[in-house]
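Data block below; observations after.
As the structure lists them, so they are numbered: ligands from 1, and atoms in each ligand from 1.
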Amino acid sequence: MHVVLLGPPGAGKGTQAKLIEREWHVPHISTGDLLRAAVAERTALGMKAKAFMDRGELVPDDVVVRLLEGRIQAIDCRTGFLLDGFPRTVPQADVLDAMLSSQRRHIDHVISLEVDREELVRRLSGRRMCSACGNICHITLDPPAAPGVCDHCGGRLVQRADDNEDTVRARLRVYEEATAPLHDYYRARGLLRCVDGSGTVEQVLARVHLALDGRR
Ligand code: AMP
């Protein structure tokens, strides 16, 4: 099963992807996570990406595509994957299509999580990430038991550099300009399912199930 998750930053793609990964045993691949790991490891690709990420802009395609290509060739992606954060532009979608068809594979489903803009700003600016295990929480919507401490591993919770309000608004603008056209791209191929991303994690997961059900 090859699934693309679309939706603006803060729509809950990562949260839903982790749950689907666990239930359906398909690896969750987030290009944002791949890029953050490359930045943390100070690789050449990471160094090229960092300034773009800090400004909330898209990283050049050659960098993202090289990271993604390496990842989807891994053995755990043999029977499928769940892509989160890629493609983000129509040219990236074309690259993905070409990459998959050269391996006689194709995208099976595209799920777009839809959330109101002010709700996205609220979600993102209160979001915190564990610096040790990457777990995500929210200071008011899903507060940790002890402030600043990850409930899962006891690691230190930090705010992502690009989750401050100005950068969040820049990222949402980029989404509307560059990524929203992917709706038409995938709708024309009969693959797009729009899912209401508001409400609790469980409510959204139930809707994602409905959108995917019977089409595994
Ligand atoms: P995310 O974790 O998906 O919100 O991504 C964080 C940042 O990584 C984005 O704001 C971009 O700067 C960069 N990024 C992630 N995926 C892509 C992509 N497919 N194309 C270009 N830049 C990306």
>> For the residue pair Arg171 and Tyr175, would you count it as a cation-pi contact if the rule is NZ or CZ under 6.0 angstrom from the ring centre and within 45 degrees of the ring axis?
In response: no
>> Any carboxylate oxygen within less than 4.0 angstrom of a Lys/Arg side-chain nitrogen, looking at Arg71 and Asp76?
In response: yes
For ligand 1, run through the N/O pairs with the protein that fall under 3.5 Å and put one pair on each line.
residue	atom	partner	partner atom	Å
ligand 1	2 (O)	Arg36	NH1	3.0
ligand 1	2 (O)	Arg36	NH2	3.0
ligand 1	2 (O)	Arg160	NH1	3.4
ligand 1	2 (O)	Arg160	NH2	3.3
ligand 1	3 (O)	Arg88	NH1	3.2
ligand 1	3 (O)	Arg88	NH2	3.1
ligand 1	4 (O)	Arg88	NH2	3.4
ligand 1	4 (O)	Arg160	NH2	3.3
ligand 1	4 (O)	Arg171	NH2	3.2
ligand 1	5 (O)	Arg88	NH2	3.4
ligand 1	12 (O)	Glu57	O	2.6
ligand 1	16 (N)	Thr31	OG1	2.8
ligand 1	16 (N)	Gly85	O	3.3
ligand 1	16 (N)	Arg88	NH1	2.9
ligand 1	19 (N)	Gly85	O	2.8
ligand 1	19 (N)	Gln92	OE1	3.0
ligand 1	20 (N)	Gln92	NE2	2.9
ligand 1	22 (N)	Val59	N	3.0

Show me, pair by pair, the donor-acceptor contacts under 3.5 angstrom made by side chains of residues 31-38, not counting sequence neighbours?
residue	atom	partner	partner atom	Å
Thr31	OG1	Gly85	O	2.9
Asp33	OD1	Arg36	NH2	2.8

>> Could you measure the distance from the CG atom of Leu192 to the CZ atom of Arg187? Nearest 0.5 Å is fine.
In response: 5.5 Å
>> Can you tell whether the side chains of Glu176 and Arg88 come within less than 4.0 Å, N to carboxylate O?
In response: no
> Are Arg66 and Glu69 within salt-bridge range, i.e. N to O under 4.0 Å?
Replying inline: no
